[in-house]
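Have a look at the structure below, then the notes.
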Amino acid sequence: MYDTRTDLSISIREKVVPILQARLADSVDLFTQVKQAHWNVKGPHFIALHELFDKIAGIVERQGDMLAERITALGARADGTARIAAMQSTLTEFPLDAKDGLVYVAAVADKLSVFGKALRASIDRVAKFGDADTAELFTETSRAIDKQLWLMDAHLQAER
């Protein structure tokens with residue numbers, strides 16, 4: 001840990017940072033998986049999904065940036081390279097053989113759902129350690145991810 005003037009004890013920061021790091025790894029992985037969908041989606045709704053996946057990727061990237069900045073604000077090093085994210089992420093691999101737009105929508109929805117669940121569990125964990133600011137960051141990130149999940153679910157709930 002680096003020196004910092006934050007009033008959170010080193011004990012709290014040492015408990016909170018690994019949780020932040022885990023969600024950072026998930027966010028980097030999620031970003032690349034949503035970009036995979038953006039680049040490769042096919043089908044009659046191509047342009048709408050291509051643009052939507054790009055928008056979601058941007059939101060995930062911004063949320064990940066806030067997680068990384070919180071790690072550094074707490075006096076730690078944020079590790080967000082692709083290799084580290086791949087080793088640490090709790091997300092499963094994206095279906096690389098998919099082509100159809102709705103298959104991609106379902107895959108992105110699944111990844112957003114897993115990430116959202118991990119964020120909510122992280123809220124409770126850091127709140128118990130006494131870090132309300134990190135809990136609020138996880139809450140804000142969870143809200144942003146849930147909104148994107150809603151957009152994916154809306155595609156999947158449509159009448160066919």
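In what follows, residues are counted from 1 in the order of the sequence shown.
- Applying the side chain to side chain contact (heavy atoms under 4.5 Å, CB included) criterion to Val17, with sequence neighbours excluded, gives Met1, Ile71, Leu74, Ala76.
- A heavy-atom distance below 4.5 Å is found between the side chains of Leu137 and Leu67.
- The two residues Asp131 and Val16 come nearest to each other via the heavy atoms OD2-CG1, 3.5 Å.
- Scanning for ring-ring contact (aromatic ring centres under 6.0 Å, His included) contacts around His50 gives His38, Phe46, with sequence neighbours left out.
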What side-chain donor-acceptor pairs closer than 3.5 Å can you find for residues 144-151, not counting sequence neighbours?
unit_1: Asp146; atom_1: OD1; unit_2: Arg120; atom_2: NH1; d: 3.2
unit_1: Asp146; atom_1: OD2; unit_2: Arg120; atom_2: NH1; d: 3.0

Listed pairs under 3.5 Å, donor-acceptor, residues 52-63 side chains, sequence neighbours left out:
unit_1: Asp54; atom_1: OD1; unit_2: Lys35; atom_2: NZ; d: 2.6
unit_1: Arg62; atom_1: NH1; unit_2: Gly58; atom_2: O; d: 3.3
unit_1: Gln63; atom_1: OE1; unit_2: Thr141; atom_2: OG1; d: 3.0

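- Distance check: Glu140 CD to Met66 CE gives 4.0 Å after rounding to the nearest 0.5 Å.
- Listed by first then second residue, pairs satisfying ring pair (Phe, Tyr, Trp, His ring centres under 6.0 Å) with a partner in residues 112-144 number zero, not counting sequence neighbours.
- With rounding to the nearest 0.5 angstrom, the NZ atom of Lys42 is 12.0 Å from the CG atom of Leu49.
- Phe94 pairs by the ring-ring contact (aromatic ring centres under 6.0 Å, His included) definition with Tyr104, not counting sequence neighbours.
- Of all non-hydrogen atoms in Ala85 and Ala25, the two that sit nearest each other are CB-O, 3.7 Å.
- Applying the side chain to side chain donor-acceptor pair (under 3.5 Å) test to every pair with at least one member in residues 105-119, sequence neighbours left out, gives these pairs: Thr92-Lys111.
- Across all their heavy atoms, Ala37 and Val108 have their closest contact at CB-CG2, 3.8 Å.
- The two residues Ala106 and Leu156 have their closest heavy-atom pair at CA-CD1, 3.8 Å.
- Residues satisfying the side chain to side chain contact (heavy atoms under 4.5 Å, CB included) test with Asp65, not counting sequence neighbours, are Glu69.
- Ile47 and Val41 fall within the same hydrophobic cluster, defined by Ile, Leu, Val, Met, Phe, Trp and Tyr side-chain heavy atoms under 4.5 Å apart, directly or through other members.
- Counting all heavy atoms, side chain and backbone alike, Ser142 lies closest to Gly116 at OG-O, 4.5 Å.
- Shown here are the salt bridge (charged side-chain N to carboxylate O under 4.0 Å, His left out) partners of Asp133, two or more places apart in sequence or in another chain: there are none.
- Using a 4.5 Å cut-off between side-chain heavy atoms of Ile, Leu, Val, Met, Phe, Trp and Tyr, Ile84 falls into a hydrophobic cluster with Met87.
- Here the closest non-hydrogen pair linking Gly64 and Leu24 is O-CD1, 3.4 Å.
- Residues that satisfy the side chain to side chain contact (heavy atoms under 4.5 Å, CB included) test with Arg125, not counting sequence neighbours, are Ile19.
- The side chain to side chain donor-acceptor pair (under 3.5 Å) analysis of residues 12-25, with sequence neighbours excluded, yields the pairs Gln21-Gln88, Arg23-Asp26, Arg23-Ser122.
- With rounding to the nearest 0.5 angstrom, the OG1 atom of Thr139 is 9.0 Å from the CG atom of Leu119.
- Interatomic distance, CD of Gln36 versus CG of Leu30, reported as 13.0 Å (0.5 Å rounding).
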